[in-house]
Amino acid sequence: MNQPAATTPAMKDIVALCKRRGFIFAASDIYGGLNGFWDYGPLGVELKNNLRDLWWKSMVTCPPIGPDGAPVEIVGLDSSIIQNPKAWEASGHVGGFSDPMVDDKETKLRYRADHLYVLVPKDGKGKWLALHQDAEAEDVAKRIKKEGGGKSSSDQYEKKQFTSIDKSDYANILGPDAKTPGTLTEPKQFNLMFHTFVGATAGDENKAYLRPETAQGIFLNFKNVLDSSRVRVPFGIAQIGKAFRNEVTPRNFIFRSREFEQMEMEWFCHPKEAKMWRDFWFTERQKFWRSIGLSSENIQMRDHDKDELSHYAKEGYGTADIEYRFPFTAPGYGELEGIAHRCDFDLTQHQKVSGTKLEYMDPVTSEKFMPHVIEPAAGLSRGVLALICEAYTIDASRPSGVYLNFHPSVAPIKAAILPLTAKEDHVPIATKLYLELREEFTVELDVKQNIGKRYARQDEIGTPYCFTIDNDTITDKTVTVRDRNSMAQERIHIDKVAEYLREKMKPSSQKAKLKAVG
RNA sequence: GCGGGUGUAGCUUAGUGGUAAAGCUCCAGCCUUCCAAGCUGGCUAUGAGGGUUCGAUUCCCUUCACCCGCUCCA
């Protein structure tokens, strides 16, 4: 509508603007940064808080109307980042997060150590052939023929797991794709969970983990919430918070970082209703992202293929992603939110490992069952990035050359109050208006420099409205409202400014407005 | 983790084995009655650590960060 694909902005320009205007900085910048960590500046934290609050409102304070016409029931939670390490063993993260990998120095290929096996010659002569577990019998035969030194059948070999082989024998092993033996490295442990130590002494017995997802804190508190807050299945528990993953390759600005924020809601329902609720949340979550300004053409829904599904979602109705077309993924898309049917995997696991009964007894039907879970899990940090990318609008016709077209509900600064000149009577009136508005809105008062420079600066940080006080204000109590996108001005009474802003902040009015603007 | 590339002020670019230059931004002031105008002044840089050298931003090594491509991605 407003942006042909040709104007897809360069990521480096977006990153530069984020730094220049104080949205996002490299963490520990003055020490040269740290790979995978980012800090949010004065405007970045406003933007992030806005998105966080809107999500909380859409989930906890004003949750959507359910299929039966009544609002669904969701309560909030803020669980600890560090939990008993057994929680992560039960959840499957300790095992799944540390797959040892083997590199081939010759081919630069990398394999999971537990996916490799080795054919060891029974006669002790010739190369040991490492092969991938998925290799077809036909390919294995070819490999033996080519590299076996006269051997013709796998019967002449003993099949061993790569992980069971002593490293002193590695020199004999020919990698699955290598030409010379001895190029495979020892398996390297990739610990994708950050670990730490609880207490003053650092030993294995007090090792603990920083959570890689907020979801588990919700499952751990399922019984506490049920017993204390009068909720009944179906209901949800929502949580926003930091999560940590020791990513092998952090990339693409804040898209994949090692410390990030999640907004997750676990919806507990009867197994028979899982499909219905999955579809319900899938629809609702799309509405959310659209309502805060992500355009339809940059958002895409995608069902996961069977082989992509995580350990907890192998059964059930699968996972679907809400994806956004980021500049670095275009023309492809990157994940913004996943809606997963986690079945009863987590509660069952925690019941098994903890020994605490987590089944639900329906008070009406007296049916006892383990609830199924539908999980809409969104990245707050990724959401912030999507909002910035969506807002970044190149416009050579205006002095800033670029402006941020934020939806007013997420804009870090909602309005700027500008006395037309720094002299005469404009400043006191502007100051009074500013002091009134800041009680309700995040606003800025800017007195310095000429009006054009001030408009330009507000454009670049995405402030949707500027209220300017001039000589007419003194005589008739009107101010001009300058619209960021159209640069058009209208005069309204100074007493109507708060009401004007309040109306513009509403997502629905903005939606209609975007349509009108085109 | 691998390969390639980049690193001088907030940004864009100069330049040199011997005092690091400019434009824009930013800040202060003047001037300004609506879109980065004009005038004056000011702050700020060789990513970090070593080595060679009388002297290194420049040459060499290491490291860090970012970008691109692989790899990975519950």
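Quick note on labels: first sequence line is chain A, next is B, and so on, each numbered from 1.
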Given the ring of A:F441, does A:K414 sit roughly above its face, with NZ or CZ under 6.0 Å from the centre of the six-membered ring and within 45° of the axis?
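That pair does not qualify as a cation-pi contact.
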Going by ring pair (Phe, Tyr, Trp, His ring centres under 6.0 Å), name the residues that satisfy it together with A:Y434, two or more places apart in sequence or in a different chain.
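Applying ring pair (Phe, Tyr, Trp, His ring centres under 6.0 Å) to A:Y434 gives none.
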Keeping A:Q286 on the side-chain end and A:F282 on the backbone end, is there a donor-acceptor pair under 3.5 Å?
yes
Got a donor-acceptor contact below 3.5 angstrom from the A:R491 side chain to the A:T478 backbone?
yes
Contact class for [X] (heavy atom, under 4.0 Å): base, sugar-phosphate, or nothing?
X	answer
A:Q216	nothing
A:A422	base
A:R457	nothing
A:F253	sugar-phosphate
A:R482	base

Can a side-chain donor-acceptor contact be found between A:E264 and A:T214 if the only test is distance below 3.5 angstrom?
yes
Take atom [atom1] in [N] and the same atom in [M], then report the distance between them in whole Å.
N	M	atom1	answer
B:rG17	B:rG5	C1'	26 Å
B:rU32	B:rU40	C1'	16 Å
B:rC39	B:rC31	P	16 Å
B:rG15	B:rC59	P	13 Å
B:rC60	B:rA56	C1'	11 Å
B:rA14	B:rC72	C1'	42 Å
B:rA45	B:rA20	C1'	9 Å
B:rC27	B:rC67	C1'	32 Å

Quiz item: [X] side-chain donor-acceptor pair to [N] base, under 3.5 Å:
X	N	result
A:T249	B:rC72	no
A:R454	B:rA36	no
A:Y31	B:rC64	no
A:E247	B:rC73	no

Could you give the [atom1]-to-[atom2] distance, from [X] to [N], as a whole number of Å?
X	N	atom1	atom2	value
A:E89	B:rA74	CD	P	21 Å
A:D13	B:rC66	CG	P	18 Å
A:Y455	B:rU25	OH	P	19 Å
A:R251	B:rU71	CZ	C1'	10 Å
A:W38	B:rC66	CH2	P	5 Å
A:L17	B:rU12	CG	C1'	15 Å
A:R258	B:rC72	CZ	P	17 Å
A:N246	B:rG1	CG	P	10 Å

Residue that, paired with A:L433, satisfies side chain to side chain contact (heavy atoms under 4.5 Å, CB included) out of A:V443, A:L445, A:I469, A:D495:
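The option that passes is A:I469.
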Centre-to-centre under 6.0 Å for A:F255 and A:F253, is that the case here?
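Judged by ring-centre distance (under 6.0 Å), A:F255 and A:F253 do not meet the cut-off.
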Phosphate OP1/OP2 of [N] contacted by [X] side-chain N/O (<4.0 Å):
X	N	result
A:N35	B:rC66	yes
A:N450	B:rA37	yes
A:K12	B:rC66	no
A:K448	B:rG29	yes

Who does [N] pair with, Watson-Crick or G-U, both distances under 3.5 Å?
N	value
B:rC2	B:rG69
B:rG49	B:rC61
B:rA28	B:rU40
B:rC34	none

If you only use heavy atoms from C-beta on, which nucleotide in [options] is closest to the side chain of [X]?
X	options	answer
A:R21	B:rC34, B:rC68, B:rA36	B:rA36
A:L34	B:rA74, B:rC35, B:rA65	B:rA65
A:K453	B:rC35, B:rA37, B:rC72	B:rA37
A:T468	B:rC34, B:rG10, B:rA74	B:rC34

5' priority, RNA chain B, between A:G401 and A:F37 [closest heavy atom]:
A:G401
Where each residue is assigned the nucleotide of RNA chain B containing its nearest heavy atom, which of A:I474 and A:Q449 is assigned the position nearer the 5′ end?
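The answer here is A:Q449.
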May I ask you to decide if the ring planes of A:F406 and A:F23 are parallel, tilted or perpendicular, using 30° and 60° as cut-offs?
tilted
